[in-house]
Amino acid sequence: MSVSIDGQRLWSSLMAMAEIGPTANGGSCRLALTEEDAAGRRLLIEWCEAIGCTLRVDRVGNLFIRRPGKRDDLDPVATGSHLDTQPKGGRFDGILGVLAGLEVFRTLHDQGIVTERPLELVVWTNEEGSRFAPAMVASGAFAGEFCEAYTLSRADRDGVTLGQALEASGFAGEMPLGEPRLASFFELHIEQGPVLEEEGEAIGVVTGVQGMRWFDVILRGQPAHAGPTPMAYRRDALAACARLIDRLQGHALADSSGGTKVTVGCLEIDSPSRNVIPGEVRLTVDLRHVVESELDALEARYARELDAVAETFGVEVRSERIWASPVVAFDAGCIDAVERAARAQGVPWRRMMSGAGHDAVYVSRVAPTSMIFIPCRDGISHNEAEYATPEHCALGAQVLLDAMLERANTLEASQ
């Protein structure tokens, strides 16, 4: 029997959620555990309780919304994502994955379908990391990567901890971390890149997530007067920084496979002045690759380039690796379920790796996992201009529904 989601209802839900924390240029601002984020969570809970679902909240604020199955003793098949956004984020990043899960539940409710396994819709806390660092900390806590005390102690710029924000928002739960155990997990998401749109493909069957390593770097030279100081005598920290960026960019661009990615996203000059040679520069370096051994090689190349600019420009260097996420390979059975669902829709699709981190990265450590991508306009995300068409949102939700039904009605599909 064919089961079809209601694409218009899904779109209406997306637009209703976008009315909470709207930004001036059509985006969303719902930083984790702010009143706006809490309001979005309450709206979702209201929608889910209206169709008979029940809510549990774990000790770091993750929401677990259950739709019963015929065999409630079995581990659930789950889906979900996050409702928090960047300060000037879009209406789809994370939100689509949550509300598509809601639409799956609503569709099954409308048609009176009860799956063998129960289903779970999960909203992960603080995926973006915009308010509390690091990103994905609550799904990481669920998977055992971070302990409860560490997670609750994360503080925002005003010194408010995640634990305090949970209490203030009303989402401090009691369910122990790691519960419930999941039989499978699927996350629908916009691609956040241009590949699907550029190639005219409608669905990405996500096979894994590329590895990522983050560094905080300080280059320390000597501030001096721009006029009297000869070029040969300078210890210019910004010039050293520029050389480092140029060398790393050149190395990444020379990789014809496109697998190497280097980003310097933050740059800060200490006491900048128009006629003073910069004496200290702080920057962040983000290294990514789809192959772990190549990521090792990229980090080694970065270290060599850092040593080279230190010698050439006479600067001291300090580099601290603050985060590392290894290359993730998703579960073959979940990938195949998504692929079969995509094929059934008769649309162009491709297998692909994710370039961005998602909650599915951590969940994959404790449950069979895969992701579904749909195109987003111009590949833009983390931006008020972020957009996905109603048709692509509906298609992604349909693929999600079909993949979940397959796994939820296959009793052996568990760890």
Side-chain angles (χ1 to χ4, degrees), residues 5-22 27-58 60-68 76-86 89-110 118-128 130-131 136 138-139 142 165-166 168-173 175 180 182 185-190 358-360 363 386 388 390 393-394 396-397 400-401 404:
I5 64 102
D6 185 335
Q8 181 55 55
R9 180 170 58 189
L10 170 60
W11 187 258
S12 295
S13 299
L14 285 163
M15 295 305 102
M17 187 63 70
E19 292 176 7
I20 301 174
S28 294
C29 179
R30 290 190 302 274
L31 299 185
L33 302 177
T34 58
E35 177 50 38
E36 291 80 10
D37 186 33
R41 286 170 162 232
R42 289 193 294 268
L43 178 60
L44 174 71
I45 292 166
E46 178 184 325
W47 284 336
C48 290
E49 289 180 342
I51 55 173
C53 298
T54 56
L55 169 70
R56 291 172 295 171
V57 184
D58 74 11
V60 295
N62 294 318
L63 309 185
F64 293 86
I65 300 169
R66 177 162 292 205
R67 184 175 194 270
V77 169
T79 188
S81 194
H82 60 97
L83 290 174
D84 66 309
T85 73
Q86 293 287 332
R91 297 172 291 170
F92 302 89
D93 172 8
I95 295 90
L96 172 62
V98 173
L99 297 186
L102 168 66
E103 178 55 37
V104 167
F105 284 16
R106 283 172 161 173
T107 297
L108 297 178
H109 177 78
D110 288 348
L119 303 180
E120 204 88 32
L121 174 57
V122 188
V123 179
W124 304 106
T125 303
N126 189 59
E127 191 272 353
E128 292 290 0
S130 296
R131 185 179 180 192
M136 308 181 301
S139 57
F142 170 82
L166 281 174
S169 66
F171 286 102
M175 188 165 65
L182 306 179
F185 180 74
F186 296 94
E187 183 171 359
L188 171 63
H189 211 280
I190 58 172
H358 300 282
D359 290 308
V363 180
E386 177 183 280
C393 291
L400 175 66
L401 169 63
M404 290 185 71

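Among the candidates Val363, Val104, Leu400, the single residue satisfying the side chain to side chain contact (heavy atoms under 4.5 Å, CB included) test with Phe186 is Leu400. When Leu188, Ile5, Thr79 are each tested for a side chain to side chain contact (heavy atoms under 4.5 Å, CB included) with Leu401, only one passes: Ile5.
Atom NE2 of His82 is separated from atom CZ of Arg41 by 12.0 Å, given to the nearest 0.5 angstrom.
Under a 4.0 Å N-O distance rule, the pair Glu49/Arg42 does not qualify as a salt bridge. The pair Arg56-Glu120 counts as a salt bridge, with a side-chain nitrogen and a carboxylate oxygen less than 4.0 angstrom apart.
Residues passing the side chain to side chain contact (heavy atoms under 4.5 Å, CB included) test with Cys48 are Leu44, Cys53, Ile65, Leu102, Leu121, sequence neighbours excluded. Listed by chain and number, the residues in a salt bridge (Lys or Arg N to Asp or Glu O under 4.0 Å) with Arg91 amount to none (sequence neighbours excluded).
Taking the six-membered ring where the residue is Trp, Trp124 and Phe64 present perpendicular rings, their angle passing 60° and hence far from 30°.
Using a distance-only test at 3.5 Å, with no hydrogens or angles considered, a donor-acceptor pair links the side chain of Thr125 to the main chain of Val60. Of the possible polar contacts, none joining the Asn126 side chain to the Ala138 backbone as a donor-acceptor pair under 3.5 Å is found.
With contacts defined as side-chain heavy-atom distances shorter than 4.5 Å, the pair Arg106/Asp6 does not qualify. Side-chain contact between Leu119 and Leu108 is present, with heavy atoms from C-beta onward closer than 4.5 Å. At least one side-chain heavy atom of Met175 sits under 4.5 Å from a side-chain heavy atom of Pro180.
You'll find the ring centres of Phe185 and Phe142 outside the 6.0 Å limit.
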